[in-house]
Amino acid sequence: MAAEAWLWRWGWGWGQRCPGRPGLPGPGPGPTTFLHLLLLLGPVAADITDGNSEHLKREHSLIKPYQGVGSSSMPLWDFQGSTMLTSQYVRLTPDERSKEGSIWNHQPCFLKDWEMHVHFKVHGTGKKNLHGDGIALWYTRDRLVPGPVFGSKDNFHGLAIFLDTYPNDETTERVFPYISVMVNNGSLSYDHSKDGRWSELAGCTADFRNRDHDTFLAVRYSRGRLTVMTDLEDKNEWKNCIDITGVRLPTGYYFGASAGTGDLSDNHDIISIKLFQLTVERTPEEESIDWTKIEPGVNFLKSPKDNVDDPTGNFRNGPLTGWRVFLLLLCALLGVVVCAVVGAVVFQKRQERNKRFY
């Protein structure tokens with residue numbers, strides 16, 4: 001897992017995407033370097049999306065040329081609200097007030113480990129902080145249910161990645177646009193007035209609006225680890241945004257995307273969605289689990305409500321993983337030992353001082 005994480009963070013070929021194939025990892029290091037990696041890190045090549053056609057799951061992907069242009073639906077995908085299909089993009093909302101639109105995959109996804117690449121564009125005529133609201137990417141139990149959360153329902157079951165362009169909370173120190181992640185079992189509500197701060201697991205500032213080049217986002221879920229990366233600078237390489245461990249997501253949920261506008265607006269476009277299957281070896285015990293029965297959640301030892309903004313707009317958060325818990329307990333134990341030793345020394349000196357008076 002550590003090897004897989006290392007290669008994903010730095011990318012197949014140190015973070016570069018394959019030229020001419022947007023959203024796909026690059027071809028990787030040369031034979032000698034790769035051999036050294038295998039010797040140092042173990043057999044991990046099967047855990048990395050290489051962009052080959054056998055990894056691409058077309059039943060969960062949206063790729064040009066689109067079918068059904070000019071209609072309200074297309075094979076494998078359903079539209080709702082203001083969504084419009086053209087030959088170049090799927091527009092979830094036009095740059096008009098009070099619009100909501102979404103697109104949802106027909107097929108539930110039964111992959112335990114996957115990677116999604118999204119080519120998107122958010123643009124409009126509004127100046128700074130006079131545009132909104134943003135795009136949401138979904139992996140949820142329910143589909144095609146309109147609602148107040150970027151055009152889709154609140155209290156959802158599953159995963160949401162929010163690409164938020166407007167700061168509703170005037171007291172926030174975050175810098176917008178802002179990407180955040182939320183995992184919900186139906187018990188949490190997204191608070192628009194606080195830009196989802198209370199239910200956010202992690203987030204990062206990402207300047208994706210009104211760019212004059214292509215913008216991409218990658219979401220990877222494997223062995224309970226959720227990673228979000230961006231390519232927004234036209235450098236053909238991924239930049240880390242979010243990395244969370246301990247995430248539990250069931251199989252059998254649906255992928256989708258939605259967007260909404262209010263008093264402020266923007267064009268919210270999806271150009272492509274590509275889903276890749278990750279090949280991960282699992283134990284017989286893991287294979288025997290009914291992954292459709294898992295409840296969405298995160299193994300946090302603290303509530304997301306404890307998140308605190310820092311001046312950069314990012315959260316100083318993250319789950320307390322095993323080694324962090326061990327270090328915390330070790331520090332506490334050392335503190336107790338030090339206090340005991342200091343107390344014993346002080347007590348002994350007092351005893352010696354008292355003896356002088358007799």
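Keep in mind it's a predicted model, so treat the numbers as computed, not measured.
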Exercise for the section: Please check if the side chain of Thr261 supplies one atom and the backbone of Glu96 the other of a donor-acceptor pair under 3.5 Å. Expected result: yes

Exercise for the section: Look up atom NE2 in His117 and atom NZ in Lys274, then write down how far apart they are to the nearest 0.5 Å. Expected result: 9.0 Å

Completion exercise
OG of Ser193 to CG of Asp169, rounded to nearest 0.5 Å, is 7.0 Å

Handout entry: Donor-acceptor contact present, side-chain Asp195 to main-chain Asn168, <3.5 Å
Key = yes

Problem - Expected output: side-chain His268 to main-chain Gly134 donor-acceptor under 3.5 Å - result: yes

Practice task
Verify, without hydrogens or angle tests, whether Thr172 (side chain) and Arg174 (backbone) share a donor-acceptor contact under 3.5 angstrom.
Solution key: yes

Problem - Sidechain-backbone polar pair: Tyr221 side chain, Leu249 backbone, donor-acceptor under 3.5 Å - result: yes

Exercise for the section: Return yes when atom CG of Asp290 has more than 12 non-hydrogen atoms of other residues, nucleotides or ligands closer than 6.0 Å, and no otherwise. Expected result: yes

Exercise for the section: Decide if atom CD of Glu59 counts as having more than 12 heavy atoms of other residues, nucleotides or ligands within a radius under 6.0 Å. Expected result: yes

Problem - Under 3.5 Å donor-acceptor, Asn240 side chain and Met229 backbone - result: no

Exercise for the section: Mind checking the CG-CH2 spacing from Asp191 to Trp198? Nearest 0.5 Å is all I need. Expected result: 8.5 Å

Handout entry: Side-chain donor/acceptor of Asn184 to backbone N/O of Ser187, under 3.5 Å
Key = yes

Problem - Separation of Leu275 CG from Tyr139 OH (nearest 0.5 Å) - result: 9.5 Å

Practice task
Report the C-alpha separation of Phe150 and His192 in whole Å, then their side-chain angles, then the decisive distance to 0.1 Å, and conclude whether the ring-ring contact (aromatic ring centres under 6.0 Å, His included) test is met.
Solution key: CA-CA 10 Å; Phe150 296 89; His192 266 290; 5.5 Å; yes

Problem - Any donor-acceptor pair under 3.5 Å from Ser222 side chain to Asp113 backbone - result: no

Handout entry: Arg211 atom CZ, neighbour heavy-atom count above 12 within 6.0 Å
Key = yes

Completion exercise
side chain to side chain donor-acceptor pair (under 3.5 Å) with His123: of Asp269, Thr215, Asp212, Asn210, only one passes, and it is Asp269

Handout entry: same_hphob_cluster(Val145, Leu92) at 4.5 Å side-chain heavy-atom cutoff
Key = no

Exercise for the section: Identify whether the distance between the nearest side-chain nitrogen and carboxylate oxygen of Asp243 and Arg225 falls below 4.0 Å. Expected result: yes

Handout entry: Ion pair check, Lys153 and Asp142, cut-off under 4.0 Å
Key = yes

Handout entry: Pair His131, Asp266: side-chain N/O donor-acceptor within cut-off below 3.5 Å
Key = no

Completion exercise
Rounding to 0.5 Å, atoms CE (Met74) and CZ (Phe79) come to a distance of 5.5 Å

Problem - Whether Tyr190 and Phe162 hold their rings parallel, tilted or perpendicular, with breakpoints at 30° and 60° - result: tilted

Practice task
May I have all residue pairs that pass side chain to side chain donor-acceptor pair (under 3.5 Å) and include part of residues 156-166, sequence neighbours excluded?
Solution key: Arg141-His157

Handout entry: Whether Ser180 side chain and Glu200 backbone form a donor-acceptor pair below 3.5 Å
Key = no

Exercise for the section: Check whether any side-chain N or O of Asp95 sits under 3.5 Å from a backbone N or O of Thr125 as a donor-acceptor pair, and report yes or no. Expected result: yes

